[in-house]
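Everything on this sheet refers to the single structure shown next.
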2 protein chains.
Amino acid sequence: MFELDMRSRKPIYEQLVEKLKELIINEVLKPDEQLPSVRTLAQQLTINPNTIQKAYRELEIQSFIYSIKGKGSFVNPQTQKKDNLKIAAVKHELEKLVLEAFYLGVSVEELLKFIEEIDVSKRGGDKID
Amino acid sequence: MFELDMRSRKPIYEQLVEKLKELIINEVLKPDEQLPSVRTLAQQLTINPNTIQKAYRELEIQSFIYSIKGKGSFVNPQTQKKDNLKIAAVKHELEKLVLEAFYLGVSVEELLKFIEEIDVSKRGGDKID
DNA sequence: CAAACTGTATTAAGAATAATAGTACACTTA
DNA sequence: TAAGTGTACTATTATTCTTAATACAGTTTG
């Protein structure tokens with residue numbers, strides 16, 4: 001279900017958050033569908049349950065999921081589906097531009113920073129890094 | 001001269017590398033211009049000289065600068081100037097597309113990952129993260 | 001009801017990395 | 001010669017992520 005990079009600088013709980021976000025937004029995980037329990041997923045991924053719970057807590061804060069004690073964690077149905085075809089088209093255009101930027105000598109790092117700055121300027125302060 | 005984010009997950013030596021790269025590529029630092037000494041810059045930024053040296057070493061490995069014992073560290077003139085106008089135009093187009101992607105519900109994280117994957121697929125394995 | 005499952009919380013310890021501190025050596029320049 | 005340069009090395013501190021081991025409250029199921 002997941003591929004985690006244990007050697008990344010990015011914490012695995014944060015990788016989990018991102019992966020699950022994608023699965024939810026793209027409706028691989030359906031609205032109100034139950035997520036694996038913290039202990040089950042921990043066993044599957046052979047990582048500590050606390051790490052899973054940290055990810056779930058973060059996802060709940062960002063209202064991607066909701067959790068009910070004794071029952072489980074579920075996909076928040078408010079998260080509306082994206083227009084995937086449109087997104088694919090945009091990504092295709094994006095890739096062309098990015099490659100052009102690379103060709104012009106713009107570094108990956110500079111590009112990433114640029115993207116992040118677009119983000120924060122339009123949506124308010126986000127996570128550090 | 002620099003703005004460092006001491007609270008970022010990104011190490012400050014790595015932030016230094018990126019900032020200096022930009023200054024060099026954009027020729028804010030001219031070819032063969034001498035960089036501040038490790039001790040001077042450390043004092044200015046109130047960080048440890050070892051951290052500066054780590055950044056300089058990395059920049060030398062990536063051949064953005066060259067260092068001569070007893071003399072100093074200098075900008076490698078091989079680093080050619082970029083076409084800044086062209087880059088600005090590309091960035092402008094890029095910003096529009098990125099905002100469109102945001103509007104479609106693509107997360108910043110997903111976008112950053114997408115950019116990074118373009119990079120690695122076209123230029124071989126880079127740094128983790 | 002009882003057992004087994006859920007989420008949640010807490011404390012402690014381990015591991016890894018970044019950053020600092022301090023010192024030293026070789027080289028260049030004024 | 002003195003001061004400034006890059007470079008190297010060890011040790012220590014600090015931070016963060018992860019694990020470990022419990023514990024408690026609620027739900028579900030036999």
Side-chain angles (χ1 to χ4, degrees), chain A residues 2-20 24 29 32-76 109 127-129, chain B residues 2-20 24 29 32-76 109 127-129:
Chain A
F2 297 106
E3 307 161 14
L4 297 176
D5 183 359
M6 311 301 286
R7 300 180 188 179
S8 169
R9 172 151 58 220
K10 189 164 296 190
I12 59 184
Y13 83 89
E14 206 163 300
Q15 293 181 47
L16 262 175
V17 168
E18 291 178 11
K19 304 256 183 200
L20 285 168
I24 291 171
L29 295 173
D32 289 311
E33 180 176 341
Q34 183 166 9
L35 297 171
S37 77
V38 288
R39 293 175 180 82
T40 300
L41 189 52
Q43 204 165 20
Q44 284 179 9
L45 302 178
T46 61
I47 58 182
N48 195 282
N50 292 331
T51 307
I52 307 290
Q53 203 233 335
K54 190 169 185 179
Y56 279 14
R57 186 194 313 147
E58 180 65 21
L59 283 168
E60 186 164 26
I61 290 173
Q62 296 184 26
S63 62
F64 279 82
I65 68 173
Y66 60 94
S67 300
I68 305 175
K69 200 188 300 185
K71 298 190 70 173
S73 299
F74 307 86
V75 174
N76 188 337
E109 292 80 10
K127 272 275 180 54
I128 292 176
D129 193 20
Chain B
F2 297 105
E3 307 161 11
L4 297 177
D5 183 358
M6 310 302 286
R7 299 179 188 180
S8 169
R9 171 148 63 222
K10 190 163 296 191
I12 59 185
Y13 82 89
E14 207 164 299
Q15 292 181 48
L16 262 174
V17 168
E18 291 178 13
K19 304 257 184 199
L20 285 168
I24 291 172
L29 295 173
D32 289 311
E33 179 176 342
Q34 182 165 9
L35 298 171
S37 77
V38 289
R39 293 175 179 82
T40 301
L41 189 53
Q43 204 165 21
Q44 285 179 9
L45 302 177
T46 58
I47 58 182
N48 195 282
N50 291 331
T51 306
I52 307 289
Q53 203 233 335
K54 190 169 184 180
Y56 278 15
R57 187 195 313 147
E58 180 66 20
L59 283 169
E60 186 164 27
I61 289 174
Q62 296 184 26
S63 62
F64 278 82
I65 68 173
Y66 60 95
S67 299
I68 304 175
K69 200 189 301 185
K71 297 190 71 175
S73 299
F74 306 87
V75 174
N76 188 336
E109 292 80 10
K127 271 278 180 53
I128 292 177
D129 190 27

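What you see below is based on every heavy atom in this structure, not just the backbone, and it leaves out hydrogens, waters and symmetry mates. Keep in mind the model is a prediction, meaning the values are calculated, not measured. Proteins get letters first, then strands, A, B, ... in listed order; numbering begins at 1 in each.
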- [ ] Starting from the C-alpha separation in whole Å, work towards a yes-or-no answer on side-chain contact (heavy atoms from CB on, under 4.5 Å) for A/Y13 and A/I47.
- [x] CA-CA 10 Å; A/Y13 83 89; A/I47 58 182; over 6 Å; no
Open item on the list: If you apply the rule side-chain contact (heavy atoms from CB on, under 4.5 Å), what do you find for B/V17 with B/F64, and how did you get there?
Closed with: CA-CA 10 Å; B/V17 168; B/F64 278 82; over 6 Å; no
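One can place CD of A/Q34 at 10 Å from C1' of C/dC5, the figure rounded to the nearest angstrom. Rounded to whole Å, atom C1' of D/dA14 lies 17 Å from atom CZ of B/R9. In this structure, A/K54 atom NZ and C/dA9 atom P are separated by 14 Å, rounded to whole Å. The nearest whole Å value for the distance from the CD atom in A/Q53 to the P atom in D/dT19 is 14 Å. We find that CG of B/N48 is positioned 17 Å from P of D/dT10, with the value rounded to whole Å. Atom C1' of nucleotide D/dA14 and atom CE of B/M6 are separated by 12 Å, given to the nearest angstrom. Residue B/Y66 contributes atom OH, which lies 13 Å from atom P of D/dT7 at whole-angstrom precision. The interatomic distance linking B/E58 (CD) with D/dT7 (C1') rounds to 16 Å, in whole Å.
In terms of heavy-atom proximity, A/G72 sits nearest to A/Q34 at CA-NE2, 3.7 Å. The nearest pair of heavy atoms linking B/Y56 to B/L20 is CE1-CD1, 3.8 Å.
Out of C/dG7, C/dA18, C/dT6, the shortest distance to the side chain of A/V38 is found at C/dG7. Of the listed nucleotides (C/dT20, D/dT28, C/dT6), D/dT28 has the atom at the smallest distance from the side chain of A/K71.
In terms of polar N and O atoms assigned as donor or acceptor, the side chain of B/N50 comes within less than 3.5 Å of the base of C/dG22 in a complementary pairing. Put simply, the side chain of B/R39 and the base of D/dG4 share no donor and acceptor less than 3.5 Å apart.
Looking at which nucleotide of DNA chain D each of A/I12 and B/K69 is closest to, the 5′-most match is held by B/K69.
Here B/E60 lies in heavy-atom contact (under 4.0 Å) with sugar-phosphate atoms only. Using a 4.0 Å heavy-atom distance criterion, A/Q15 is classed as making no nucleic acid contact.
One finds no side-chain N or O of B/T51 lying less than 4.0 angstrom from the OP1 or OP2 phosphate oxygen of C/dA19. Here B/S73 does not reach the OP1 or OP2 of D/dT5: none of its side-chain N or O atoms lies under 4.0 Å away. The phosphate of C/dC5 (OP1 or OP2) has no side-chain N or O of A/S37 nearer than 4.0 angstrom.
For the pair B/Q15 (side chain) and B/D5 (backbone), a donor-acceptor distance under 3.5 Å is present.
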